[in-house]
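What follows is a single structure, written as structure tokens, with notes after it.
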Amino acid sequence: MKLTDYIKLGWDQLKRRIVVTALCAMGIAIGSASIIVALSFGESINQFSKARMYDFLKSDEISVRSGSGPETGAPDGDPNASKPYELTQSKIDLIRSFPHMKALSTYRTLHGFQLELDNKKGYLNEIYATELDTLDDFGIELQQGGPSDLENTIILSYGATMGLQDEQVSRTRNYENEREAMQAWREQRTLAYPMYQKLITLVPQGFGASIGESVSIPVRVVGILKKPEGMSDDIVSNQKIAYVSPALGKRLSEAQALMNGGQERPNSGGQPATTADYDEVKVKVTDSSHVKEVEELLKKLKLDVQTNLYREERIQSELMIVRIVFGGAGLFILFVASISIVVAMTMSTYQRRRQIGIMKVLGANLRQIRNMFMVESALLGLLGGLVGILLSYWVVWAINIVIMRFSGGSGSEEILFISLWILPLGLFFAIMTGVLSGIYPAVKASRTDALTAIKRD
């Protein structure tokens, strides 16, 4: 018998037992759909989380600072003992030649500046003095404008344009109660003010008891960063940062020191700020898989290195658990479906004993009888697998709708998707379930005694 003959016989038997075929196929469909959804869920979340980690965790970036050398006042009293641990320009030039380097930028962080514009006042929590032409390399997207070759220029975050206070308007307004005043403050806090190409004034704020001469530095806004996606306006309004060139950052630092009696503003750790033109270097590698290799090279230069790679690894391990759970559920459903196939095919063997007996009398051998039942089981698995593919697309479509509705998305981007390589894998599991489930009924059918079967029926 040819393969086409086996397929025709098997398909005829499936059509005769339409109810049993539908129930068995649905069991396989649910199992294969669970595996397809599990794999697509894992891959989709992996892609989504990887993109989000690049945006927030920056897992492909490395922060480099001066190493922790010998403390001052060491027993040897050598003032040069800490020099090998310093982040020098020669080390920065050496870092640029490391393999897998995509971008490098020096950073100096300044804190506590007030901005003034059109009788309005705002506040900048941090100002980063860095090479502005490297912002795009580090994934910092601009909504308006871009870096300029002019000296007194600044790039503001979207949150820095929000919540500017107009003191004249605030004094003229009278609120009936505290709740109304609080509501007005919340509305003003999340209101963005047009500042692109405007000339603003930066004023350093005092932090100590000795307040010196106040210096105001006018700068022009040449760029506004893109508003972060997936964040509420309240969170965005707290992200008040700005980027300036290293030269302007040095001027701002000097103005801040002059404002505070010649003292540098302490850093976030409470330690005196460095007097160098930079206190940190950020390195971006071509891919997060190369972070460990570059990190080892940086440590050989006796520098302090910080990465977010461990967070990515932890998230990946958690996602792997989710994928295993979904995949295990799919395999369990396929196992239950295989039991139903075994029962259905075994019952079919008893119902078709006379047919099997006649086929043996006419010359059908054991192998042909087994192949007939095996092909029938494979067709049942194929039918269930095809239905499972359609079911998996429907499930993914429904999940995407639910996610977009609860997240307030516009519906232009789907979070979950099914890659093409997943479909044949799910179909393979479905067919294998049918084939393995048909082994026992096929063997039992081939061992049926022809004369006994014909006499009984």
Side-chain angles (χ1 to χ4, degrees), residues 46 49-72 74 76 78-111 126-141 147 241 243-247 249-250 253 264 266-317:
N46 183 46
S49 62
K50 192 172 184 179
R52 286 295 181 265
M53 282 188 290
Y54 282 166
D55 293 339
F56 300 105
L57 296 183
K58 305 292 184 182
S59 58
D60 58 344
E61 294 183 9
I62 304 175
S63 299
V64 185
R65 292 177 177 269
S66 296
S68 302
E71 298 181 358
T72 57
D76 54 7
D78 186 4
N80 298 324
S82 60
K83 284 189 176 182
Y85 299 88
E86 294 179 357
L87 181 60
T88 60
Q89 185 61 43
S90 60
K91 289 185 179 181
I92 294 177
D93 295 337
L94 181 61
I95 294 172
R96 294 182 189 273
S97 64
F98 283 176
H100 312 300
M101 293 290 296
K102 184 177 181 180
L104 183 147
S105 182
T106 60
Y107 273 78
R108 183 177 188 179
T109 306
L110 305 172
H111 301 274
E126 288 96 17
I127 296 179
Y128 299 110
T130 183
E131 294 82 1
L132 298 180
D133 57 347
T134 63
L135 294 180
D136 183 63
D137 295 330
F138 284 86
I140 301 176
E141 300 179 341
I241 61 176
Y243 295 89
V244 298
S245 65
K250 187 174 183 179
S253 178
E264 293 282 345
N267 56 29
S268 58
Q271 300 296 326
T274 177
T275 57
D277 294 338
Y278 50 85
D279 51 24
E280 181 184 15
V281 168
K282 287 189 177 181
V283 173
K284 192 176 186 69
V285 297
T286 54
D287 191 81
S288 59
S289 59
H290 302 305
V291 169
K292 287 186 177 180
E293 179 182 350
V294 178
E295 182 180 3
E296 292 299 324
L297 294 175
L298 291 171
K299 288 181 178 179
K300 292 181 180 179
L301 298 179
K302 299 182 179 181
L303 298 175
D304 184 25
V305 181
Q306 293 181 353
T307 68
N308 285 322
L309 191 61
Y310 72 96
R311 294 184 181 180
E312 180 182 359
E313 293 175 348
R314 186 179 65 180
I315 293 176
Q316 292 293 344
S317 62

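In what follows, every heavy atom counts, from backbone to side chain, and hydrogens, waters and symmetry copies are set aside.
Residues passing the side-chain hydrogen bond (donor to acceptor under 3.5 Å, both in side chains) test with Thr106, sequence neighbours excluded: Glu131.
Formation of a donor-acceptor pair under 3.5 Å by the Ser66 side chain with backbone atoms of Leu87 is found in this model. Here the side chain of Lys102 pairs no donor or acceptor atom with the backbone of Asp137 at under 3.5 angstrom.
Atom OG of Ser105 is separated from atom OH of Tyr243 by 9.5 Å, given to the nearest 0.5 angstrom. In this structure, Tyr107 OH and Lys282 NZ are separated by 5.0 Å, a value rounded to the nearest 0.5 Å. Atom CD of Gln306 is separated from atom CD of Glu295 by 10.0 Å, given to the nearest 0.5 angstrom. Between the CG atom of Asp93 and the OG1 atom of Thr88 there is a distance of 8.5 Å, given to the nearest 0.5 Å.
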side-chain contact (heavy atoms from CB on, under 4.5 Å), that's the test. Do Phe98 and Leu301 meet it? Break it down for me. CA-CA 12 Å; Phe98 283 176; Leu301 298 179; 3.9 Å; yes
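Two residues are said to be in side-chain contact when any heavy atoms from C-beta on lie closer than 4.5 Å; Pro147 and Asp136 fail this criterion.
Of all the heavy atoms in Tyr278 and Arg108, the pair that sits closest is CA-CB, 4.0 Å. The minimum heavy-atom distance between Asp279 and Arg65, with the atom names listed, is O-NH1, 3.4 Å. Pairing each heavy atom of Ala129 with each of Ser245, the nearest pair is CB-O, 3.9 Å. When all heavy atoms of Thr130 and Leu135 are compared, the pair lying nearest together is CG2-CD2, 4.3 Å.
Side chains of Ser63 and Glu280: a donor-acceptor N/O pair is present below 3.5 angstrom, by distance only.
Among Leu303, Val64, Val281, the one residue that satisfies the side-chain contact (heavy atoms from CB on, under 4.5 Å) test with Lys91 is Leu303.
Ring geometry for His100 against His290 counts as parallel: the plane angle stays under 30°, on a 0 to 90° scale with 60° as the upper cut.
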